[in-house]
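These values consider heavy atoms only, across backbone and side chains, with no hydrogens, waters or symmetry-generated copies. Values in this document were obtained by computation on a predicted structure and should not be read as measured data. Residue numbers begin at 1 in each chain, while the letters A, B, ... track the order of the sequences.
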Amino acid sequence: MHVAFRNPRSVMASQNDRPAIPDCELVARMAGCDERALGELYDRHGGPVYSLALAIVGERADAEEVVADSFGQAWRTAEQFDPARGSVMAWLATITRTRALDLVRARGRRARALTRAALGNSEGIAAPIAPAGEAPDRGVERQEARRQVARSLAELSEPQRRVIELAYFGGLTQTEIAAELKEPLGTVKTRMRAGMEKLRGSLVPFLSRGGS
Amino acid sequence: MTDHQWQVLAAPYALSALAQEERAEFEGHLAECETCRGEVQAFREVSELLAHAAPAAAPPPSLRAGVMRDARRGRPIRTWRRLVLPWIAAAVVVLALAAGYGYWAARVAQTALRTALDSARARLDSTSQLIAAILDSTVGTADLAATGKPPSMRLFWNRARNVVVVAAFELPPAPTGRTYQLWAIKKGQSPVSLGTFNTPPGGRAVVTLRMPAGLKPDLSAVTEEPAGGSRQPTQQPFLVGSWQGGG
């Protein structure tokens, strides 16, 4: 099971005043054109989706556009969502990341991650872990996931973290990363693989099959 | 590739970080390899968790209404930016194309003008030189004709510059593979070639040839020779005339 996002308890824990409808049930209702289900899904995941979009596109107006696009796509394609393939948040994240990278490319701009890498910003995308004043996540379990992901990324070497961030938030291929960082392709490949293996190890509790 | 070599591609594949060719190859392998499919699934979940690494930010409250409005229409929200931006983008493209075409057309026109100007200048230069060559106190002339009938030629010999300007009248072009050749003849000596020339269909031509320095011919004559000219005339000249004046 995909413990992090599928467990209905997380919804109950964070939204005591709402009925505990699992995410995937919300998506099923969306497929039946239930607008309230979409509203509920946005209330649960709008923040993280917006955060992800902003982390990629770097500008608030563009991030808003990406969020609207992504939920629009989720609404139109709710029927195609397959709970067996992953959590609703993972599905939304995939849609959002794709949309955000598309927008960045369409604008002929560089993703935020690249700009940061070019500046030699060593703190990476993930910092800070829990910024004060910004929307706290509702789900306890999600907060746990955020903390664990941040912790796991922090355990990587800085070069390992950088190539993974450039791939995920920058949408670059290994070849493009090598060119961007002026490093040999083999080095980039090794770092990415080693970094991903480490992440897989430290994120085992959040993986559906224990990461094996 | 061994299984291990394939497996190392699972992590970058899940991050969509493989170059296009490598991705296509790996996808071919994935269709046949359950181990690699499992690896990809695990790394895909890892990469999906990376969404949580994005620094938390709060969307503006108005965004929710936009998302709902979008859903009601069954298609993406139309904020003013999304309505207007594609048009602006299209307009920019059109303008860029127009500007590009304009620039290109201007370049072509400019090149054509420059070429025309250059050739006009060249013609003017050669005309000036021609006139200068003819209007000179040292110029001697020779009228070449065969018994007063066409064709005829008038030669201007600028002694200072060692050039002969040849003006031909009603002289039809030489037959294919043949050419006209002008000779300078000093009495008692062999003819000296001044060069070959031809005429356009109209029969009028102005050609400038060189006169070897030190040569003081009494006569000039024209023969028809094989293309490229001959060392000595191969036939009787059809035009002959003697040099006058110029000193």
Side-chain angles (χ1 to χ4, degrees), chain A residues 2 4 35 38-39 42 46-48 50-52 54-55 61 64-65 67-69 71-72 75-76 86 89-90 93-94 96-97 125-128 130-131 134-137 142 145-146 149-150 153 164 167-168 171-175 177 189 192-193 196-197 199-200 203 206-209 211-212, chain B residues 4-5 7-23 35 38-83 85-86 89 92:
Chain A
H2 207 292
E35 287 184 18
L38 175 68
Y42 179 83
Y50 177 76
S51 304
L52 172 59
L54 186 61
E64 289 173 36
E65 196 171 320
V67 172
D69 268 349
F71 277 97
W75 173 252
R76 290 191 309 275
M89 180 56 208
T94 302
T96 304
R97 175 179 178 244
I125 285 281
E134 295 221 77
D137 280 327
R142 173 179 292 148
R146 285 180 57 77
V149 168
L153 278 170
I164 289 172
Y168 187 79
L172 297 191
T173 64
Q174 293 178 320
T175 315
I177 293 170
K189 287 182 173 180
M192 186 178 289
R193 200 164 59 239
M196 287 294 279
E197 290 285 359
L199 286 180
R200 183 184 183 178
L203 292 171
F206 298 92
L207 303 180
S208 62
R209 283 187 283 173
S212 58
Chain B
H4 173 72
Q5 281 171 312
Q7 269 184 40
V8 301
L9 296 181
Y13 178 75
L15 276 173
S16 51
L18 287 183
Q20 200 172 343
E21 273 180 33
E22 218 172 359
R23 190 182 67 218
T35 311
E39 289 288 290
V40 165
Q41 172 62 23
F43 281 119
R44 188 164 276 158
E45 287 180 25
V46 171
S47 71
E48 283 162 358
L49 285 168
L50 287 173
H52 289 296
S62 59
L63 189 52
R64 187 184 198 277
V67 167
M68 299 311 289
R69 196 170 52 230
D70 174 23
R72 226 158 274 137
R73 291 178 186 176
R75 58 174 199 268
I77 286 180
R78 301 282 155 186
T79 62
W80 73 268
R81 275 151 47 89
R82 301 188 33 199
L83 269 179
L85 276 179
V92 166

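- In this structure, CZ in A:Phe71 is found 10.0 Å from CZ in B:Arg64, a value given to the nearest 0.5 Å.
- Among all heavy-atom pairs drawn from A:Arg193 and B:Val8, the shortest one is CD-CB, 3.3 Å.
- By number of non-hydrogen pairs under 4.5 angstrom with chain A, the leading residue of B:Ala14, B:Ser16, B:Ser62, B:Pro60 is B:Pro60.
- Remark: the backbone N or O of B:Phe43 is not paired with any side-chain donor or acceptor of A:Arg200 at under 3.5 angstrom.
- Atom-to-atom distance recorded for B:Glu22:CD and A:Thr173:OG1 is 9.5 Å, nearest 0.5 angstrom.
- Once rounded to the nearest 0.5 Å, the distance linking CZ of B:Arg44 with OG1 of A:Thr94 reads 8.0 Å.
- When all heavy atoms of A:Ser51 and B:Ala54 are compared, the closest pair comes out as O-CB, 3.6 Å.
- Of all heavy-atom pairs between A:Leu199 and B:Leu50, the closest is CD1-CD2, 4.0 Å.
- Contact detail for B:Ala17 and A:Leu172: the closest heavy-atom pair is CB-O, 3.7 Å.
- The minimum heavy-atom distance between A:Leu207 and B:Ala42, with the atom names listed, is CD2-O, 4.3 Å.
- Here the straight-line distance linking atom CD of A:Glu65 with atom CG of B:Leu63 works out to 11.0 Å at 0.5 Å rounding.
- The most heavy-atom pairs under 4.5 Å with chain B, out of A:Lys189, A:Met192, A:Glu64, come from A:Glu64.
- Considering every non-hydrogen atom in both B:Glu48 and A:Tyr168, the closest pair reads O-OH, 4.3 Å.
- Between the CD atom in A:Gln174 and the CG atom in B:Leu9 there is a gap of 7.5 Å [rounded to 0.5 Å].
- Using a 4.5 Å cut-off between heavy atoms, B:Arg23 makes no contact with chain A at all.
- Annotation: the span from B:Glu45 atom CD to A:Phe206 atom CZ amounts to 12.5 Å, rounded to 0.5 Å.
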